[in-house]
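Quick note on labels: first sequence line is chain A, next is B, and so on, each numbered from 1.
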Number of protein chains: 2
Amino acid sequence: MSRIPRNRLGDLERAVLEHLWTGAAPPAGATVRQVHDAVGLERGLAYTTVMTVLDRMAKKGLVTRERDGRAWRYTAAASREELTSESLHHALGELAGTERRSALLHFLDESTPEELDELRAALAQLEARSIGTQPPARRPRAGHLRRGPT
Amino acid sequence: MSRIPRNRLGDLERAVLEHLWTGAAPPAGATVRQVHDAVGLERGLAYTTVMTVLDRMAKKGLVTRERDGRAWRYTAAASREELTSESLHHALGELAGTERRSALLHFLDESTPEELDELRAALAQLEARSIGTQPPARRPRAGHLRRGPT
DNA sequence: TAGCATCTACGACGTCACGTAGTCGACGCA
DNA sequence: TGCGTCGACTACGTGACGTCGTAGATGCTA
């Protein structure tokens with residue numbers, strides 16, 4: 001069973017994900033060669049290095065892969081936004097109520113006006129969307145990247 | 001030069017911080033012995049283990065220490081809230097504008113009603129506080145835990 | 001058909017962060 | 001003077017990552 005997608009990504013892992021997220025990668029998924037050409041060559045990496053990383057990432061559930069002839073086609077398992085959201089929840093998840101409020105205040109306090117605007121906009125958008133959508137009693141957090149039982 | 005305070009804390013490191021944050025630790029800072037008694041004993045750890053961890057944390061800037069006779073007194077360098085806030089910014093920091101909005105939306109979407117309420121409250125509190133406080137042209141983010149040049 | 005290219009599968013090695021702990025020497029108190 | 005307490009150092013095991021090399025299978029081509 002795939003391990004918990006660690007929040008902490010390595011540099012190369014992150015670069016690979018960046019590539020997969022970019023429009024540069026084919027929608028159907030990129031092959032090792034393509035990823036290597038894109039992020040491996042400029043770093044002077046061997047083809048196998050990229051392959052190994054991709055393989056490990058697949059095992060960790062960070063990317064998914066599908067056969068395409070002899071080769072695999074890799075796709076990011078989660079969008080950058082999902083991963084970020086996950087990180088945010090993770091960071092906040094360890095705090096109890098009071099502390100959470102306090103942490104949020106800190107966070108907002110250190111945010112740029114742009115960030116605050118974005119946050120307000122997102123909040124407004126969420127509220128607008130939920131109108132007419134009778135909120136289900138309590139929606140547990142999405143679990144697409146949730147860790148398995150123990 | 002102290003390294004960047006990694007976001008990723010080890011289990012023991014986190015436990016130690018938790019203790020230092022708790023009222024259980026003396027305000028003046030806890031000695032190795034005190035930390036050991038509090039979090040080391042229950043884990044069956046050796047005194048030196050806790051000492052080593054504390055020492056490393058001090059070198060990483062996660063805790064500060066002051067001499068108290070022959071011993072050191074350790075204090076958390078940042079509050080839990082500051083650390084969390086830092087994590088949040090870190091997570092969000094890698095995204096460009098559009099993606100950030102999207103990530104925030106994801107985040108909010110997966111938040112519990114309680115969390116949303118807390119966020120709104122914090123936002124309101126911030127706005128209330130800034131009234132009358134002519135916002136400085138642009139306040140760069142707080143840098144108490146900022147990495148040094150390089 | 002013999003080569004050569006292209007892929008994946010596996011195994012390896014180095015480094016770094018952490019958890020864990022032992023040893024040693026300095027120091028203070030009975 | 002001897003015991004107990006502390007910090008400084010050193011060390012070892014493990015796991016995550018970056019980085020490759022080699023071995024096979026497969027496919028294209030002269």
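- At a cut-off of 3.5 angstrom, the base of C:dT8 holds no donor-acceptor pair with the side chain of A:Arg73.
- Under the side chain to side chain contact (heavy atoms under 4.5 Å, CB included) criterion, A:Ala38 pairs with A:His19, not counting sequence neighbours.
- By the salt bridge (Lys or Arg N to Asp or Glu O under 4.0 Å) test, A:Glu66 is found to be paired with no residue, residues two or more places apart in sequence or in another chain being considered.
- Residue B:Leu12 places its side chain closer to C:dT20 than to any other of C:dT20, D:dC17, D:dA8.
- The side chain of B:Ala71 lies closest to D:dG7, out of C:dT8, D:dG7, D:dG18.
- As rounded to whole Å, 11 Å separates atom P of C:dG22 from atom NE2 of B:His36.
- Not counting sequence neighbours, the partners of B:Arg73 by the salt bridge (Lys or Arg N to Asp or Glu O under 4.0 Å) test are B:Asp68.
- Taking A:Asp117 as the reference, A:Arg120 meet the salt bridge (Lys or Arg N to Asp or Glu O under 4.0 Å) condition, with sequence neighbours excluded.
- Per the geometry, CG belonging to B:Leu62 stands 13 Å off P belonging to C:dA17, to the nearest Å.
- In this structure, of D:dC17, C:dA9, C:dT20, it is D:dC17 that holds the atom nearest to the side chain of A:Lys60.
- If you take CG of A:Leu17 and C1' of D:dC17, they are 14 Å apart, rounded to a whole angstrom.
- Between A:Arg33 atom CZ and C:dA5 atom C1' the separation is 9 Å, expressed in whole Å.
- Under the salt bridge (charged side-chain N to carboxylate O under 4.0 Å, His left out) criterion, the residue pairs touching residues 43-57 of chain A are A:Asp55-A:Lys59, A:Asp55-A:Arg65, with sequence neighbours excluded.
- Here the side chain of B:Arg67 is nearest to one of D:dC17, C:dT20, D:dA8, namely D:dA8.
- Atom pair B:Leu45:CG and C:dA21:C1' shows a separation of 10 Å (rounding to whole Å applied).
- In this structure, B:Trp72 atom CH2 and D:dC9 atom C1' are separated by 15 Å, rounded to whole Å.
- The base of C:dT20 lies close enough to the side chain of B:Arg56 for a donor and an acceptor atom to sit less than 3.5 Å apart.
- In this structure, the NZ atom of B:Lys59 is 10 Å from the P atom of D:dT10, given to the nearest Å.
- Note on B:Tyr47: only backbone sugar-phosphate atoms sit closer than 4.0 angstrom, heavy atoms only; bases stay farther off.
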In 5'-to-3' order, the base (B), backbone-only (S) or no-contact (-) status of each nucleotide in nucleotides 21-26 of chain D, using a 4.0 angstrom heavy-atom cut-off, is BB--BB

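- A heavy-atom distance below 4.5 Å is not found between the side chains of A:Asp37 and A:Gln34.
- Within 3.5 Å, no donor on the side chain of B:Arg65 pairs with an acceptor on the base of D:dG7, nor the reverse.
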